[in-house]
Number of protein chains: 2
Amino acid sequence: MAGPTLRDVAKLANVSIRTVSNVVNGYAPVSAELRARVQVALDQLDYRPNLIARNLKQGRTGMIALAVPELDVPYFAELAREVIKAAHAHGYVVMIDQTDGAADRERELLGRDSRATMFDGLLLSPLSISADELRARGNSVPIVLLGEHIFNGSFPHVAIDNVAAAREATAHLLELGRRRVAAIGDQPYATGETAQLRTAGFRQAHARAGLDVRDELIVSTPHFHRRLGAEAMERLLALPEPPDAVLCYNDLLALGAIRALTRAGRRVPDDVAVVGVDDIEEGQYSTPSLTTVAPDKVGIARRAVDTLLESIRGELGTPPEIVVPHRLIVRESTVGERAVGEGTVGEGAAGDSAAGEAAAAR
Amino acid sequence: MAGPTLRDVAKLANVSIRTVSNVVNGYAPVSAELRARVQVALDQLDYRPNLIARNLKQGRTGMIALAVPELDVPYFAELAREVIKAAHAHGYVVMIDQTDGAADRERELLGRDSRATMFDGLLLSPLSISADELRARGNSVPIVLLGEHIFNGSFPHVAIDNVAAAREATAHLLELGRRRVAAIGDQPYATGETAQLRTAGFRQAHARAGLDVRDELIVSTPHFHRRLGAEAMERLLALPEPPDAVLCYNDLLALGAIRALTRAGRRVPDDVAVVGVDDIEEGQYSTPSLTTVAPDKVGIARRAVDTLLESIRGELGTPPEIVVPHRLIVRESTVGERAVGEGTVGEGAAGDSAAGEAAAAR
DNA sequence: TGAGGGCTCTGCAACGATGCAGACATAATG
DNA sequence: CATTATGTCTGCATCGTTGCAGAGCCCTCA
């Protein structure tokens, strides 16, 4: 089962182990003649370097881990795809772990018996673990956090400006003349920081338009899945005065909401306009197609990987807070058939303004 | 950066390295007193075993690789999720690679400089690489193939009975009275074996119903993406006699087709009924919801991982051809609002019959 | 009392690769 | 021609861990 080693090749070619290693790696100067002889032996035995041994010697593995809650949530799948590509570009491969958003699964990643020592670094999309706990445990491996939580400077962190994203999406609905705008996806508890930022943006948009937010139109959901979006929408439709528009905190909630609306015989967007966040591919092909806030996923993946590699190389000073641009993509679920093809609003500008306005967000 | 080693702990606790190792692993008998002293030192230094060194010594890594074409294709994301879970249950972790269906990316996995030596085994979902080539190269690592291609016995292989799946889906459309049934997704070339099996099933269903297949209604697509499904549907609608039903070879094609239909003002299923394959979650929430053939993804993942681990342990004789059950799930895209909730047809029976009828399929 | 046995604990070698320093032969230099 | 520089090649030590064999020690039993 075990393949040939340098020793085997050396014996066959009648040279030292070290010379074979030099040929394999193209290191020290080796005469053409000898190189050829070694090469023949390499080919004959079909030698493949044992990377584990190489790693042990070099102290690094060329692998990073990516921990996401659920790989079959399209946003994470699309993000994982980009992370793998970005890592590849730097010669790294990616091990993927699923935490299911469970705190103890997230803890396991950092625990004593984890495989953390097999990886040069960890990209973590934390859902349940708290900042303090992560700080207390996460001292063994370079870590970069993705998109969730506020860890006030303890770890490098890559995300969009969630307040601005929600504010712009809400403003879009208000500009269309909608006046009973609901929000689906709030999470008013410790580990729901991202959701709370989006709620803040939702309120900001109302405030700037001089409108009041009706609290009964803000619906909490423990997760961001299609089913919960549908259920939340059904609850909203049961209100005495149902909404005429909904901001959903991600696209899955939005698609679930649309499903509930069409099932209930409501037209989207005529009766109720719907906007999501994430820009998953599914939203381009749904009926109606989905207006959404598109985070720059490629940018998130690249910046996260770059930052992690810097951290691995020890080049990182103060953990950076990296804000990645986003933009509102207007499709049928808010403007109907008018949305010809890929209508885009605020491209570039939205992203640029985001960083600046983030400071203003309380 | 580098953590403490057994040597550091041994020095602190004033014992031999070997004894520390014994404590960590709970191996040889160690007196309670000494064990306690070592434990204190372990805790104090926050020792974590270097898994790379352990792996080098033991000759295995506890990691398997999963290579899929695209992680953001929902079917592969859902499958990856189950594979990760199944591997976890056996104490293995999963490294994920994306090949983009490119032959040279698939070759890379097996090539001399690949990281294959870092993994105990490889689960491969091959799209482009040919059987011969795989056989010629794939001798270094235990391999199990997923769902694609026929490799006539060279490698263990896990898949559904594609002929039966397509036949049952087509039969469902015919039983609804549709008489101009189209197929989207054929791939009449070397690496399109799976698609060809589905086309065979499509033809079988017609034959059994005593109907002719109209070849102009079979549309080829190089990939199974939403956009191609939409484009294929548009081409079908442009025919002098457009179809009244479509079998799409996966759900993404089907969702693209539905999108094209609604855009063109056709009603689904009234004007055209649509059925897919894969049962991705998206199809439950689309409008209309999608009738589809559901492969037993959990079963595929489990059987594949189990088989791979057997192969790693050297317990595998002749490479098995494993057929996993499937079932037709009827939703709105074929029967309209009649589909209450999760209407299911042929559950179990379909799966059972699948294996038996596979033999009959030429 | 002394041989045998069980229980703890230890040191050495090894997994397969690479870093380093040096050996040896040849070429360049004064 | 002696000396230094240059170019090839090699052996040893090492990464951090575990397998193996054996060293002490205390206890038991004839």
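Bear in mind that the values here come from a model prediction, so they are computed numbers and not experimental data. To find a chain, count down the sequence lines: A is the first, B the second, and so on, and within it residues start at 1.
- Rounded to 10°, the helix from C:dT1-D:dA30 to C:dG30-D:dC1 has 60° between the axis fitted to its first five pairs and the one fitted to its last five.
- The distance between atom CG of A:Leu56 and atom P of C:dG16, rounded to the nearest whole Å, is 12 Å.
- The main-chain N or O of B:Pro49 is found under 3.5 Å from a side-chain atom of A:Thr117 such that the two form a donor-acceptor pair.
- Using a 4.0 Å cutoff to heavy atoms of chain B, the contacted part of DNA chain D runs 5' to 3' from D:dC15 to D:dC20.
- Note on residues 57-69 of chain B: pairs passing side-chain hydrogen bond (donor to acceptor under 3.5 Å, both in side chains), not counting sequence neighbours, are B:Thr61-B:Asp120.
- Residue pairs meeting the salt bridge (charged side-chain N to carboxylate O under 4.0 Å, His left out) criterion with at least one member in residues 76-87 of chain A, sequence neighbours excluded, are A:Glu78-A:Lys297, A:Arg81-B:Asp72, A:Arg81-B:Asp100.
- Residues passing the salt bridge (Lys or Arg N to Asp or Glu O under 4.0 Å) test with B:Arg313 are B:Glu315, sequence neighbours excluded.
- The side chain to side chain contact (heavy atoms under 4.5 Å, CB included) test applied to A:Ala36 returns no partner, not counting sequence neighbours.
- A distance-only check finds a donor-acceptor pair linking the side chain of A:Arg37 to the backbone of A:Ala13 [under 3.5 Å].
- Residues from residues 8-19 of chain A that place a heavy atom under 4.0 Å from any atom of DNA chain C, listed by number: A:Arg18.
- Backbone-only contact: A:Asn25 has heavy atoms under 4.0 Å from sugar-phosphate atoms and none from a base.
- By the side chain to side chain contact (heavy atoms under 4.5 Å, CB included) test, A:Ala77 is found to be paired with B:Ala77, residues two or more places apart in sequence or in another chain being considered.
- The stretch residues 8-19 of chain A participates, sequence neighbours left out, in no salt bridge (charged side-chain N to carboxylate O under 4.0 Å, His left out) pair at all.
- Between B:Asn50 atom CG and C:dG16 atom P there is a gap of 17 Å when expressed in whole angstrom units.
- Take B:Glu33 and apply the side chain to side chain contact (heavy atoms under 4.5 Å, CB included) test, not counting sequence neighbours, and it matches B:Ser31.
- Checking the phosphate oxygens (OP1, OP2) of C:dT10, no side-chain nitrogen or oxygen of B:Tyr27 falls inside 4.0 Å.
- A search for side chain to side chain contact (heavy atoms under 4.5 Å, CB included) contacts involving A:Asp306 returns A:His90, not counting sequence neighbours.
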Polar atoms only, N or O, under 3.5 Å: list the protein pairs with nucleotides 4-8 of chain C and their distances.
none

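- If you check the side chains of B:Glu70 and B:His225, you find a donor sitting under 3.5 Å from an acceptor.
- Distance A:Leu6 CG to C:dG19 P: 12 Å, rounded to the nearest Å.
- Looking at B:Glu106, its side chain never comes within 3.5 Å of a backbone N or O of B:Pro126 through a donor-acceptor pair.
- Of the possible donor and acceptor atoms, none in the side chain of A:Arg7 sits under 3.5 Å from a partner among the backbone N and O of A:Ile17.
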